[in-house]
Amino acid sequence: MTMPLELLTLPCLSDNYAYLVHDAASGKTAVVDVPEAAPVLAALARKGWKLTDILITHHHNDHIDGVEELRAATGARVSGAAADAHRLPPLDRPLRDGDTVMLGASVGRVLDVPGHTIGHIAFHFPDSALVFTADSLMAGGCGRLFEGTPAMMWDSLMKLAALPADTLVCSGHEYTASNLRFAATLEPGNPKLMSRIARVAAARAEDRPTVPSLLSEELATNPFLRAGTPGMKAAIGMEDASDAACFAEIRARKDRF
Ligand code: ZN
Ligand code: FE
């Protein structure tokens with residue numbers, strides 16, 4: 001058994017997050033996504049950590065804009081999806097589904113989670129119960145389908161939903177309050193959703209991040225993960241439809257919300 005990784009959640013830009021993960025035994029430190037370099041460099045200095053790895057989830061600017069500045073400042077190795085190498089900063093290590101990234105003795109497994117973009121990947125560190133999902137599974141929601149199909153995103157979400165329920169979901173944006181407002185239009189009678197809405201409002205009132213979130217909480221309150229449940233199917237009037245069709249309908253409603 002390895003020592004759990006230390007996690008730091010770093011607000012960036014207006015509503016993005018970068019995450020620092022540190023392995024105390026080896027001194028290795030990774031950042032997942034770099035919306036901008038300054039908050040990451042400041043956190044590294046504050047903790048006295050040396051950045052060894054930059055892990056990229058997908059090609060959107062608000063996740064990669066700080067990569068080159070951070071690489072130049074730290075010499076860290078840059079890893080991201082091989083499938084998106086043509087539209088990511090130059091990759092020192094192109095990654096494919098099932099590949100592993102090591103942080104000291106901690107293993108991070110690469111998961112393909114297409115939908116928001118085709119080359120979107122997630123990083124799962126099972127020994128620390130952490131998964132970095134960026135704009136695939138989000139707190140109370142999921143990313144918009146800019147490139148993939150609903151069926152693709154549904155498969156990606158089900159992959160993530162199958163991880164241990166005590167996994168911490170580290171997602172890319174502070175969208176939780178509006179995501180849950182939408183969720184409440186579908187499941188106003190879900191008590192776990194209502195109590196989550198209250199907790200999220202309290203956190204935001206104090207300017208605290210609402211991420212990471214527990215996967216168990218997502219399973220209980222995130223309407224996109226609940227697309228396959230009889231209750232959600234009834235709520236949208238699609239009792240006899242497939243799970244993926246219900247997911248597509250919920251995603252379409254969120255786009256109009
Ligand atoms: Zn994105
Ligand atoms: Fe994003």
Side-chain angles (χ1 to χ4, degrees), residues 7-21 30-40 43 54-70 78-89 91 94-95 97 110-124 130-157 159-160 168-182 200 204 209-213 218 222-225 247-248 250-252 254-255 257:
L7 176 73
L8 272 191
T9 303
L10 305 178
C12 294
L13 305 175
S14 60
D15 58 22
N16 276 82
Y17 288 108
Y19 294 94
L20 274 179
V21 261
V31 67
V32 182
D33 285 346
V34 194
E36 53 179 338
V40 181
I54 298 171
L55 307 179
I56 300 173
T57 61
H58 69 294
H59 74 88
H60 285 154
N61 289 342
D62 62 314
H63 297 257
I64 64 172
D65 266 357
V67 167
E68 288 306 355
E69 185 183 343
L70 200 55
V78 179
S79 306
D84 268 353
H86 61 287
R87 53 182 181 174
L88 290 174
L91 296 177
L95 299 171
D97 188 56
V110 175
L111 299 171
D112 269 344
V113 288
H116 177 68
T117 67
I118 295 291
H120 199 305
I121 57 175
F123 299 92
H124 178 221
L130 294 174
V131 67
F132 297 90
T133 59
D135 299 354
S136 57
L137 175 59
M138 306 181 82
C142 74
R144 244 176 220 274
L145 304 181
F146 287 117
E147 298 175 11
T149 64
M152 231 178 231
M153 182 62 117
W154 176 248
D155 286 348
S156 297
L157 293 181
K159 240 190 232 188
L160 296 167
L168 268 182
V169 178
C170 305
S171 55
H173 289 270
E174 185 57 63
Y175 295 162
T176 318
S178 76
N179 285 341
L180 296 180
R181 256 198 312 281
F182 169 71
V200 162
R204 292 315 293 151
T210 62
V211 297
S213 57
E218 298 304 331
N222 186 317
F224 297 102
L225 290 186
F247 167 76
I250 296 168
R251 188 58 256 179
K254 176 66 162 60
D255 290 346
F257 181 67

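Just follow the structure's listing: the first ligand is 1, and inside any ligand the first atom is 1.
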Worksheet item: Would you say the side chains of E147 and H58 form a donor-acceptor pair under 3.5 Å?
Response: no
Item to complete: State whether a side-chain donor-acceptor pair under 3.5 Å links H116 with H60.
Response: yes
Worksheet, complete the sentence: Rounded to the nearest 0.5 Å, the CG atom of N179 sits from the CG atom of N222 at a distance of 7.5 Å
Discussion item. Please report the interatomic distance OG1(T133) to CG(L157), rounded to the nearest 0.5 Å.
Written reply: 9.5 Å
Name of the [X] atom (N/O/S only) found closest to the Fe ion (ligand 2):
{"X": "D62", "answer": "OD2"}
{"X": "D135", "answer": "OD2"}
{"X": "H173", "answer": "NE2"}

Discussion item. Looking at the Zn ion (ligand 1), is there an N, O or S atom belonging to H63 that lies under 2.8 Å away from it?
Written reply: no
Discussion item. The Zn ion (ligand 1) and H120: any N/O/S contact shorter than 2.8 Å?
Written reply: no
Discussion item. Would you say the Fe ion (ligand 2) has H63 as a near neighbour, meaning an N/O/S atom of that residue under 2.8 Å away?
Written reply: yes
Out of the N/O/S atoms in [X], what is the name of the one closest to the Zn ion (ligand 1)?
{"X": "D135", "answer": "OD2"}
{"X": "H60", "answer": "ND1"}
{"X": "H58", "answer": "NE2"}
{"X": "H116", "answer": "NE2"}

Worksheet item: Ignoring hydrogens and geometry, is there a side-chain-to-backbone donor-acceptor pair from S156 to P114 under 3.5 Å?
Response: yes
Fill in: Donor-acceptor under 3.5 Å (H63 side chain, V34 main chain)
no
Discussion item. Pair C142, F247 - check side-chain contact (heavy atoms from CB on, under 4.5 Å), show working.
Written reply: CA-CA 11 Å; C142 74; F247 167 76; 4.0 Å; yes
